[in-house]
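Below is one structure, written out as structure tokens, with a few remarks after it.
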Amino acid sequence: MSDNEESFLSHLVELRTRLVRALLALAIVFGCLFPWSKELYTLFAQPLLDSLPTGGQMIATDVIGVFLVPMKVTLMTALVIALPYVLYQVWAFVAPGLYKHEKKLALPLVFASVLLFFTGMAFAYFLVFPAVFGFMAKVAPEGVAWMTDIDKYLSFVLTTFVAFGCAFEVPVVVIVLVRSGIVSIEKLKSWRPYVIVGAFIVGAIFTPPDIISQLMLAVPLCLLFELGLILARFTGRSPQDDAEAADQPAVAVASATPAVTDKALPPAGGADDTAAR
């Protein structure tokens, strides 16, 4: 077996070990939370329960929905709790293949990405859901019992969580684009009008059809884009760094050329010494 095959197999074994550890951590947390699955779902559905009219309640149209939906909520909660350890396993597998400067950049970005995603979820839970559900309760026609199926509610909440979590990743995306040299800060500034229009389009697609929820997604998107531009000024690559990086290979080649020439040429006076001998 060649060295390349042995290295590939060792990487596969390490990947399997990391995956097993991550899944085991998720299973342990899920097992600890399982006895409180109903309480977790009640907490999960509290924004809607608070907005239901007097006597209103949620319903389950699926036979096993009263069991599966709380289990899904418990699994999602377990994933959120175990996420730091799961990300550590991913980092431990990827880090040996990164350069030193890549490690310095990747670790803060991963931490910031997770923190911003959780912030987006919290923003949706504590601010967006009460506003949206309160608006829906007010616009419900007379004589219509507004009762939501628990499975549809779960699907709506997960979609909203993902939408707001990804929206709050905008500063990280801007920093990565600037840091990697793909786009300059000046170019991103020129895209500002398109970003504003795109933010409102995203808000219209991923939120309910009311102006409140659309604004509550579009406005943070625009503000986070501006925040990313500000942070990119401190973390982005400066023109001096780009110039030094461009000049370094040329300097290295220029310094290496005389050495090669000296080795190729015979030493001075070599022919006279030979004749003398």
Side-chain angles (χ1 to χ4, degrees), residues 26 29-30 33-34 36-83 113-170 173 197-224:
L26 178 62
V29 177
F30 178 80
L33 296 177
F34 178 78
W36 294 276
S37 57
K38 293 189 293 185
E39 288 78 7
L40 285 174
Y41 183 81
T42 302
L43 181 64
F44 184 73
Q46 200 62 46
L48 178 60
L49 296 175
D50 293 339
S51 302
L52 289 174
T54 304
Q57 58 183 353
M58 303 181 70
I59 61 174
T61 57
D62 191 5
V63 176
I64 58 175
V66 292
F67 173 77
L68 288 182
V69 174
M71 291 299 101
K72 292 178 182 178
V73 174
T74 305
L75 181 61
M76 183 184 69
T77 307
L79 179 60
V80 170
I81 295 175
L83 187 59
S113 299
V114 175
L115 181 61
L116 288 173
F117 194 90
F118 287 167
T119 304
M121 293 175 60
F123 181 84
Y125 182 86
F126 291 106
L127 296 178
V128 178
F129 290 163
V132 171
F133 298 148
F135 175 80
M136 294 300 175
K138 292 179 181 179
V139 299
E142 292 291 336
V144 176
W146 184 43
M147 295 184 295
T148 303
D149 180 70
I150 59 176
D151 195 12
K152 292 182 178 179
Y153 173 77
L154 174 63
S155 177
F156 167 79
V157 170
L158 289 181
T159 302
T160 308
F161 276 166
V162 172
F164 277 85
C166 293
F168 275 63
E169 299 291 335
V170 170
V173 175
V197 174
F200 280 91
I201 293 176
V202 171
I205 294 175
F206 292 99
T207 58
D210 64 283
I211 190 63
I212 298 176
S213 57
Q214 293 177 12
L215 288 174
M216 296 186 75
L217 179 59
V219 173
L221 266 174
C222 298
L223 295 178
L224 290 169

(request) Name the orientation class of the two ring planes belonging to F44 and F161 (parallel below 30°, tilted from 30 to 60°, perpendicular beyond 60°). (result) perpendicular
(message) Is there a side-chain contact between L215 and F200 in this structure, where contact means two heavy atoms from C-beta onward sitting under 4.5 Å apart?
(response) yes
(message) Counting C-beta onward and ignoring hydrogens, is there a side-chain heavy-atom pair between M71 and L75 closer than 4.5 Å?
(response) no
(message) For the backbone of P47 and the side chain of S51, can you confirm whether one donor and one acceptor N or O come within less than 3.5 Å of each other?
(response) yes
(message) Using a 3.5 Å distance criterion without hydrogens, assess whether the side chain of S37 forms a donor-acceptor pair with backbone atoms of L33.
(response) no
(message) Any heavy-atom pair between the side chains of L43 and Y125 that's under 4.5 Å?
(response) yes
(request) Please tell me if the side chains of V197 and I201 come closer than 4.5 Å, counting only heavy atoms from C-beta onward. (result) yes
(request) Would you check if F129 and T160 make a side-chain contact, meaning some heavy-atom pair closer than 4.5 Å? (result) yes
(request) May I ask you to decide if the ring planes of Y153 and Y41 are parallel, tilted or perpendicular, using 30° and 60° as cut-offs? (result) perpendicular
(request) Give me the one residue out of F117, F123, F118 that meets ring-ring contact (aromatic ring centres under 6.0 Å, His included) with F168. (result) F123
(request) Quick one: closest heavy-atom pair of A60 and I150, and the distance? (result) CB-CD1, 3.8 Å
(message) Do T61 and K152 make a side-chain contact, defined as non-hydrogen atoms from C-beta onward lying under 4.5 Å apart?
(response) no
